[in-house]
Structure formats: structure tokens, C-alpha cells
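What you see is a predicted model; the values in this text were computed from it and never measured. So you know, we letter chains A, B, ... as the sequences are listed, proteins then strands, and number each from 1.
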Number of protein chains: 2
Amino acid sequence: MKLSRPYHHGNLRQALLDQAMIALRDGGIDELSLRELARAVGVSHAAPRRHFPDRQALLDALAIEGFARLGADMRDAVASGDREFEPTLQRCAHAYVTFATTDAALIEVMFAGKHTENVDEAAALSFAPILELILRGQAEHIFEDGDPERIGLMLLSVIHGIASLRSAGMIGPDQLEWLVDDAIVNFLRGTRAVATEGVDVA
Amino acid sequence: MKLSRPYHHGNLRQALLDQAMIALRDGGIDELSLRELARAVGVSHAAPRRHFPDRQALLDALAIEGFARLGADMRDAVASGDREFEPTLQRCAHAYVTFATTDAALIEVMFAGKHTENVDEAAALSFAPILELILRGQAEHIFEDGDPERIGLMLLSVIHGIASLRSAGMIGPDQLEWLVDDAIVNFLRGTRAVATEGVDVA
DNA sequence: ACCTGAACACCGTTCAAGT
DNA sequence: ACCTGAACACCGTTCAAGT
């Protein structure tokens with residue numbers, strides 16, 4: 001006769017990750033305990049060890065899943081809506097910030113630093129939509145020529161900075177929307193706010 | 001006869017904070033343990049409780065000290081060197097990023113979110129040099145008019161974003177210098193990189 | 001007022017042992 | 001191959017007790 005709880009038939013790893021995502025959402029990174037995860041999933045406290053050698057390995061796996069979702073969110077945002085450049089960039093930026101504020105604890109894990117190669121790979125991959133936008137912007141002569149990574153890094157800095165300040169509580173929920181809008185406009189045109197002359201792209 | 005270790009004659013609180021700063025530098029935020037701090041300072045593990053009700057109180061105090069130092073660093077950077085606007089802004093930004101990379105764990109504590117009112121006060125105070133620069137920039141017509149807080153928030157986002165990405169390891173140490181330079185230039189003039197016409201500021 | 005010592009509940013990690 | 005149970009060393013927090 002089979003057990004009513006049959007060893008999680010091999011998907012314990014994913015069950016732990018799913019439970020961890022839930023725990024992250026309503027507990028923060030410090031509340032995340034391997035033992036509690038094991039308990040919630042109905043397994044002994046030593047069982048996770050087969051799938052995650054230590055706590056950091058679990059966090060790395062979470063970060064990788066997070067970057068995959070972040071990249072997908074941005075890609076979707078770019079694809080949805082019209083093709084006009086500036087609104088597209090706006091949607092991409094908003095997708096990033098929305099992700100970061102919705103899953104604040106997760107993005108903390110993603111950018112925690114103590115990572116493996118695999119995490120860095122996932123991170124680089126997730127930023128592909130941004131890089132593609134830069135390339136397109138250069139083709140449309142919206143951006144200056146030169147290393148697209150350089151421009152991408154500057155763009156990422158603004159967006160991630162906003163997300164980070166929001167998580168820290170230094171930006172109110174109400175300020176978020178227009179701040180992203182303004183930051184993108186400012187990124188494109190600078191603080192001098194010259195009139196929108198010569199911005200008729202294609 | 002007096003004890004050779006006389007109860008830390010009332011400065012246990014500061015001794016703990018100093019030791020915590022050291023621990024933060026070579027251990028990160030997770031390595032920071034109240035018990036170890038007490039041990040390092042030569043006091044029982046329950047003694048810190050008189051000065052810090054719980055771990056978070058210690059972290060809050062660290063954050064407040066951190067913001068004070070960050071503000072001072074930026075103020076010094078602004079004061080040192082010539083008064084030309086753009087270089088002054090550059091020095092201020094570099095001071096921020098240097099602080100953030102030198103004391104990466106500390107700035108993590110400072111922006112961790114779970115703060116008290118007092119920490120928010122200290123944070124706002126530390127950003128005063130940035131706000132003053134914005135006001136000066138508006139007076140010199142380098143910035144558009146309107147809410148200086150709005151411009152300050154955008155500027156802070158870029159700078160903090162760079163610092164944050166650096167801590168996460170997504171920006172190499174070698175990329176840091178020119179990225180800050182470029183980000184400030186881009187903040188002022190935008191990505192289009194129009195020639196430097198009409199930028200002759202008084 | 002300030003600190004100690006023992007106690008409690010919780011961790012992450014390790015390892016022999018089970019099926 | 002995958003999981004269990006006991007064990008170890010470490011936490012933060014609490015509280016009666018010392019001086």
C-alpha cells in the first residue's frame with residue numbers, strides 16, 4: 001500500500017521553491033527558514049539538503065527564478081502596446097519597478113551579491129530586453145552611438161535605483177508612477193528640459 | 001579596589017556600535033551577531049539589552065551613524081574643489097558611490113527599510129547637500145524650475161542605483177568611475193548628447 | 001543604574017541510519 | 001536515490017538575581 005504522502009514523488013525541490021516564494025512575500029528574507037519551509041511542505045528538516053546543500057543554494061535558485069520572471073515581464077511589456085519608442089521604454093521601466101515593488105524581498109535576494117556564476121548568467125539574460133531596446137534606439141538615432149552596454153547600464157541604474165529607494169521606503173507609493181515617467185523622460189532628454197523639438201522619430 | 005574592567009564606565013553603547021561597524025566591514029550583515037559583539041567587547045551576552053532592546057535597535061543606530069557620515073562626506077566633497085557646478089555635482093556623486101562601495105554592508109543596513117522615524121529623519125538630513133545643489137542649479141538655470149525634491153529624487157535614483165548595482169557585483173570596480181561621470185553628464189544633458197552648446201554657465 | 005547567568009525556543013548543518 | 005532522527009554549535013530574547 002502506498003503512503004498517503006509519497007515522498008513528494010521527486011518534486012520536493014520545486015515544492016520548496018514555491019513555498020519559499022510565498023514565505024518571501026509575507027515574511028521577508030530574514031523570516032525565510034529552511035526548517036520552516038520543510039515543515040510547511042511536510043518533510044523532515046534535513047530533507048531539503050538533498051536538493052539544496054545549504055541555505056545559499058536555495059537563495060541562488062530563488063534568484064534565478066526571479067530573474068527569469070523579471071526578464072519575461074519586461075519582454076511582455078515591450079511586446080504589448082504600440083511600437084513607438086518612448087512609450088515602449090516607459091512600459092519596460094514600469095514593468096521592472098512593478099516587479100521590484102511587488103516582490104521586494106525576492107529582488108533583494110536577486111541582488112544580494114553572494115551569488116554563483118549561474119545567477120549572474122540568469123541576470124544578464126533577464127536584461128536582454130533592455131539591451132535590445134538600446135540597440136533599437138541607436139538604430140532610430142534616439143541614442144548616441146557607442147557601447148550599448150554603457151547606455152544600458154545607465155538606464156538600469158536609474159530604474160533599479162528607483163525600485164531600490166521604493167523598497168527602502170524613501171519613495172512613497174504615490175510618487176512611484178510619475179517618478180518613473182519623469183526619470184525616463186529625463187534619461188532621454190536631460191534635466192534642461194529643452195522643448196520637444198526634433199524628437200519626431202521616424 | 002576597582003575592577004580591571006570597570007563596567008565600560010557608561011560607554012558600552014558606543015563600544016558596541018564601533019565594534020559593529022568593524023564586524024559589518026568584514027562579515028556582512030548576516031555575520032553581525034549581538035552575542036559576538038558582546039563577546040568582542042568583553043561583556044555578557046545580555047548586557048547590550050540595556051542599550052539596544054533588540055537587534056533592530058542596534059541596526060537602526062548603525063543606520064543613523066551611517067547617514068550622518070554619508071551626509072558629511074557629500075558636504076565635504078561639495079565644499080572641496082572649485083565652485084563650478086558640474087564638477088561639484090560630480091564630486092558629490094562620487095562621494096556617495098565611494099561611501100556605498102567602501103561600506104557596502106552598512107549602506108545595506110541604512111536602506112533596509114524596517115526603520116524607525118529617527119532613521120528616516122537622519123536619511124532626509126543626509127541628503128541635504130544634494131537638495132542644496134539642486135536649488136543652486138535652479139538658480140543658475142541649469143535645472144528646470146519646479147519641485148526641487150522631484151529632481152533630487154531622480155538624481156538620487158541614478159546615484160543610488162549605481163551604488164546598488166556595484167554592491168551586487170553587476171558593475172565592475174573598473175567601470176565605476178566613468179559610469180558615475182557619464183551618468184551625471186547624461187542626467188544633465190540626456191542621452192542624445194547634443195553638442196555642448198549653451199552650457200556656458202555664468 | 002547596569003550587568004550576569006541560566007533558560008527557552010529557534011536556527012543551519014552534519015551524519016548515521018532507515019526504505 | 002531520497003528521506004528521517006538525533007546531535008552540535010550557534011542565535012535572539014527573557015528574566016530573576018547580583019552589585
Checklist line | DNA chain D: 5'-proximal contact among B/D54 and A/A46 (nearest heavy atom) | finding: A/A46

Margin query: Parallel, tilted or perpendicular, judged at 30° and 60°: which one describes the rings of A/F111 and A/H160?
Written below: tilted

Next item on the list: Please report the closest heavy-atom contact between A/L24 and A/I29, naming both atoms and the distance.
Entry: CD2-CA, 3.9 Å

Check: For the pair made of CD in A/E31 and C1' in D/dC11, what is the distance, rounded to whole Å?
Finding: 14 Å

Notebook entry, point to check: Of all the nucleotides listed (C/dC11, D/dT14, D/dC3), which has the minimum atom distance to the side chain of A/R39?
Noted result: C/dC11

Item checked: Separation of C/dC2 P from B/F52 CZ (nearest whole Å) -> 13 Å

Note to self: Considering every strand and a 4.0 Å limit on heavy-atom distances, what is the contact class for A/R35: base, sugar-phosphate, or nothing?
What the structure shows: base

Checklist line | B/H115 and B/E121, any side-chain heavy atoms less than 4.5 Å apart | finding: no

Next item on the list: Let me know the distance between NE2 of A/H51 and C1' of C/dT13, rounded to the nearest Å.
Entry: 17 Å

Next item on the list: To the nearest Å, give me how far apart CZ (B/R13) and P (C/dC2) are.
Entry: 12 Å

Margin query: Rounding to an integer number of Å, can you tell me how far A/H45 NE2 sits from D/dG5 P?
Written below: 9 Å

Notebook entry, point to check: How does DNA chain C look in dot-bracket form if you count Watson-Crick and G-U pairs under 3.5 Å, write [ ] for pairs that cross, and put | where a base pairs with another strand?
Noted result: ||.|||||...|||||.||

Check: Nearest to the side chain of A/R49, which nucleotide is it out of C/dT13, D/dG12, C/dT14?
Finding: C/dT14

Margin query: Without decimals, in angstroms, what is the distance between B/R50 CZ and D/dA16 P?
Written below: 12 Å

Notebook entry, point to check: Closest approach of A/R136 and A/E84, non-hydrogen atoms and distance?
Noted result: NH2-C, 3.8 Å

Check: Please give, in whole Å, the distance from D/dG12 C1' to B/L32 CG?
Finding: 12 Å

Check: For the ring pair A/F99 and A/F67, is the centre-to-centre distance below 6.0 Å?
Finding: no

Margin query: Over all strands shown, is A/S33 touching base, sugar-phosphate only, or nothing at heavy-atom distances under 4.0 angstrom?
Written below: sugar-phosphate

Next item on the list: Name the residue closer to the 5' end of DNA chain C, choosing between A/P53 and A/E36 according to the nucleotide with the nearest heavy atom.
Entry: A/E36

Margin query: Assess, by modelled atom type and distance only, whether the side chains of A/Q19 and A/Q14 contain a donor and an acceptor separated by less than 3.5 Å.
Written below: no

Item checked: Over all atoms of both residues, closest heavy-atom pair of A/A77 and A/A95 -> CB-CB, 3.7 Å

Next item on the list: Round to the nearest Å and state the distance from A/L34 atom CG to D/dC3 atom P.
Entry: 14 Å

Notebook entry, point to check: What nucleotide, of D/dA7, D/dC3, C/dG12, holds the atom closest to the side chain of A/R55?
Noted result: C/dG12

